[in-house]
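Beneath this line is the structure, given in structure tokens, with notes to follow.
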Amino acid sequence: MPEESTKPAKLRDYVVRNRASWTAANGQYTAGKARESWAQERIAWGVWQVPEDEVKVLPDVHGLDVIELGCGTAYWGAWLKKLGARRVVGVDITPAQLATAAEMNAEFGLGLEFIEANAEDVPLPDSSFDLAFSEYGASIWCDPYLWIPEAARLLRPAGELLFMRNSTLQILCSPDDEIVGERLVRQQKGMHHIDWQDDEVGPSTDFHISGSDMFRLLRKTGFEVVDFRELYAADDAVDHPYYKWTPVEWAKRWPAEEIWRARRR
């Protein structure tokens, strides 16, 4: 299938900011990292690369139709296709990220499909997929009250939603302009989004609602939570060379990342 593109007449301000930020990040890091990630044999989660064969949260994807919401350079889509997914469609709003993904797809010959679109409003029919997936894509860069109902719309009955995001504790310990620390600096009540300013990639907005609000939202949109994990950095992990916001020593003591798995009722 040829790549598709949708050009909304008016994008929300945070979508425009995030697209510009990820265009910069692609030039600085993700494009150069893509080939290594696509070639990686051992599937691993998040900043600290916690191996899936230890976490064991992925469903069997053999023969499934998968959509990755906020796919970036689509290395997760590549891994899922190599695990036996029948079809993998990557959705992302950033042309630079999709260009890297398309280059890798041509090189590795995996037959992924890509759509330039906002994961809050995907131009595909209802009930088209068995699994909706996001690792630090739509799961943090899109409004959960928009992208999770959209994921539900795209899934078939009994389809699954699987996503990774920052932990709530990490967000609460995140000051505006410093690394994650050991004090609570944000209130949890009413948390929804945070506007960031980064000297290297520019302003961005990410989204995080509390765990109880996430459970409520998932149930309201027709999901049943079937698994939830909090991940720590391994004892031998080192600070990430690019994503420096969270010190590895913090992530060894407290969960920096969480994975949600839910099934459409």
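In what follows, every heavy atom counts, from backbone to side chain, and hydrogens, waters and symmetry copies are set aside. Residue numbers count from 1 along this sequence.
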Worksheet item: So W45 and L58, side-chain contact (heavy atoms from CB on, under 4.5 Å) or not? Walk me through it.
Response: CA-CA 11 Å; W45 289 92; L58 272 179; 4.2 Å; yes
Discussion item. Between R263 and E224, is the salt bridge (charged side-chain N to carboxylate O under 4.0 Å, His left out) condition met? List the steps.
Written reply: CA-CA 5 Å; R263 183 177 299 121; E224 176 187 0; 5.4 Å; no
Worksheet item: Can L112 and V89 be said to form a side-chain contact (heavy atoms from CB on, under 4.5 Å), step by step?
Response: CA-CA 6 Å; L112 274 63; V89 177; over 6 Å; no
Discussion item. Test side chain to side chain donor-acceptor pair (under 3.5 Å) on S204 and N18; report intermediate values, then the result.
Written reply: CA-CA 5 Å; S204 63; N18 291 344; 4.5 Å; no
Worksheet item: Can L172 and V185 be said to form a side-chain contact (heavy atoms from CB on, under 4.5 Å), step by step?
Response: CA-CA 6 Å; L172 296 178; V185 295; over 6 Å; no
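No hydrogens or angles considered: a donor-acceptor pair under 3.5 Å links the side chains of D143 and H192. Under the 3.5 Å distance criterion, with hydrogens and angles disregarded, a donor-acceptor pair is assigned to the side chains of Q40 and Q49. Q170 and T246 form a side-chain donor-acceptor contact under 3.5 Å, judged by distance and modelled atom types alone. A donor atom on one side chain and an acceptor atom on the other are found under 3.5 Å apart for T100 and N26. Q188 and T168 are not linked by any side-chain donor-acceptor pair at a separation below 3.5 angstrom, with hydrogens and angles left out of the test. At a cut-off of 3.5 Å, with distance as the only test, no side-chain donor of W147 or E120 sits close to an acceptor on the other residue.
With rounding to the nearest 0.5 angstrom, the CH2 atom of W48 is 9.0 Å from the NZ atom of K252. Note: L154 CG to R264 CZ = 10.0 Å, rounded to the nearest 0.5 Å. One finds the CG atom of L69 at 13.5 Å from the CD atom of E135 (value rounded to the nearest 0.5 Å). Here the straight-line distance linking atom SG of C142 with atom NE2 of H193 works out to 14.0 Å at 0.5 Å rounding.
The only option from W196, Y14, W141 that meets the side-chain contact (heavy atoms from CB on, under 4.5 Å) definition with T205 turns out to be Y14. The only option from T73, T30, T23 that meets the side-chain hydrogen bond (donor to acceptor under 3.5 Å, both in side chains) definition with Q97 turns out to be T30.
Classification of the H240-Y29 ring pair by plane angle, with boundaries at 30° and 60°, yields perpendicular. Ring planes of W260 and F228: perpendicular class, angle over 60° (limits at 30 and 60°).
Here the two rings, on W254 and Y232, have centers that are 6.0 Å apart or farther. Between Y75 and W38, the distance separating the two ring centers is not shorter than 6.0 angstrom.
A donor-acceptor pair is defined here as one N or O able to donate and one able to accept, closer than 3.5 Å; no such pair exists between the side chain of R165 and the backbone of E258. Checking side-chain atoms of N166 against main-chain N and O of E257 turns up no donor-acceptor pair under 3.5 Å. Between the side chain of S128 and the main chain of L124, no donor-acceptor pair closer than 3.5 Å is present. Of the possible donor and acceptor atoms, one in the side chain of E52 sits under 3.5 Å from a partner among the backbone N and O of V57. W22 places no side-chain N or O within 3.5 Å of a backbone atom of G72 that could act as its donor or acceptor partner.
Linking Ile, Leu, Val, Met, Phe, Trp and Tyr residues whenever their side-chain heavy atoms come within less than 4.5 Å places L11 and L146 in a single cluster. The hydrophobic cluster containing I179 does not contain I194, counting ILVMFWY residues as joined when their side-chain heavy atoms lie under 4.5 angstrom apart, directly or transitively.
In this structure, R17 places its CZ atom where more than 12 heavy-atom neighbours from other residues, nucleotides or ligands lie under 6.0 Å away. R265 CZ: more than 12 foreign heavy atoms inside a 6.0 Å radius.
At a threshold of 4.5 Å between non-hydrogen side-chain atoms, the residues F133 and C71 do not count as touching.
Salt bridge status for R87 with E113: present, with a side-chain N to carboxylate O gap under 4.0 Å.
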